[in-house]
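Here's the structure, in structure tokens; my notes come after.
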Amino acid sequence: DGGVDAILTDPNSDSSDLVLAQSKFYKNITFDDIRDALQKMFIFYKDMIKGNYHQYNDRVVKQYMNLDYGDESKVYFVL
């Protein structure tokens with residue numbers, strides 16, 4: 001899944017900003033945990049832009065491809 005548990009656009013933003021979110025429970029979280037989770041989501045996003053879909057779950061890829069966001073959209077990575 002590329003570390004992404006939710007993919008959506010923000011309907012309240014002017015440019016349908018893209019939100020990639022990961023939901024995990026950490027009893028104790030470290031800087032390295034945060035860095036690794038964000039890096040995994042960023043790699044997923046870059047792969048989607050490049051069309052490198054083969055290593056990801058079909059459901060996640062389909063969800064990403066069905067989103068309507070544009071070149072002016074901001075991208076938010078949320079933990």
Side-chain angles (χ1 to χ4, degrees):
D1 64 3
V4 176
D5 295 320
I7 306 171
L8 55 123
T9 55
D10 180 358
N12 298 317
S13 65
D14 292 334
S15 56
S16 294
D17 294 340
L18 178 64
V19 179
L20 302 174
Q22 183 182 77
S23 174
K24 271 194 182 174
F25 173 78
Y26 292 94
K27 191 167 189 171
N28 295 308
I29 191 165
T30 66
F31 173 82
D32 290 341
D33 293 331
I34 295 168
R35 182 201 61 219
D36 293 347
L38 290 172
Q39 183 177 23
K40 192 173 180 182
M41 291 190 326
F42 183 73
I43 290 169
F44 167 84
Y45 173 66
K46 286 296 193 182
D47 281 344
M48 292 298 103
I49 290 173
K50 293 177 184 177
N52 296 333
Y53 308 126
H54 64 279
Q55 61 194 12
Y56 298 104
N57 179 305
D58 289 340
R59 180 186 55 83
V60 174
V61 172
K62 183 178 178 181
Q63 186 178 2
Y64 174 83
M65 293 178 73
N66 286 332
L67 292 174
D68 184 24
Y69 73 98
D71 294 336
E72 299 297 319
S73 298
K74 294 176 185 171
V75 180
Y76 293 94
F77 299 92
V78 180
L79 294 177

(message) Exactly one of V78, I43, L79 should register a side chain to side chain contact (heavy atoms under 4.5 Å, CB included) with L38. Which one does?
(response) L79
(message) Quick one: does any side-chain atom of D17 pair with a main-chain N or O of D10 as donor and acceptor, under 3.5 Å?
(response) no
(request) Following the transitive rule for hydrophobic clusters with a side-chain heavy-atom cut-off under 4.5 Å over Ile, Leu, Val, Met, Phe, Trp and Tyr, establish whether M41 and Y45 coincide in one cluster. (result) yes
(request) Drop me the distance from L8's CG to L20's CG, to the nearest 0.5 angstrom. (result) 8.0 Å
(request) Check I7 against L67 and note the closest heavy-atom contact, atom names and distance. (result) CG2-CD1, 2.9 Å
(request) Please indicate whether N66 has more than 12 foreign heavy atoms, meaning atoms of other residues, nucleotides or ligands, lying under 6.0 Å from its CG. (result) yes
(request) For residues 24-33, pull every pair meeting side-chain hydrogen bond (donor to acceptor under 3.5 Å, both in side chains), keeping only residues two or more places apart or in separate chains. (result) T30-D33, D32-R35
(message) So, taking the atom named NE2 in H54 and the one named OH in Y56, what distance separates them when rounded to the nearest 0.5 Å?
(response) 8.5 Å
(message) With a 4.5 Å cut-off on side-chain heavy-atom distances among I, L, V, M, F, W and Y, is there a chain of contacts connecting V19 to F44?
(response) no
(message) Count I, L, V, M, F, W, Y as connected when their side-chain heavy atoms are under 4.5 Å apart, and connections chain through other members. Are V4 and Y53 then in the same cluster?
(response) yes
(request) Just jot down the side chain to side chain donor-acceptor pair (under 3.5 Å) partners of T9, sequence neighbours excluded, or say none. (result) none
(request) Enumerate the residue pairs fulfilling side-chain hydrogen bond (donor to acceptor under 3.5 Å, both in side chains) with a member in residues 68-79, sequence neighbours excluded, ordered by first and then second residue. (result) Y64-Y69
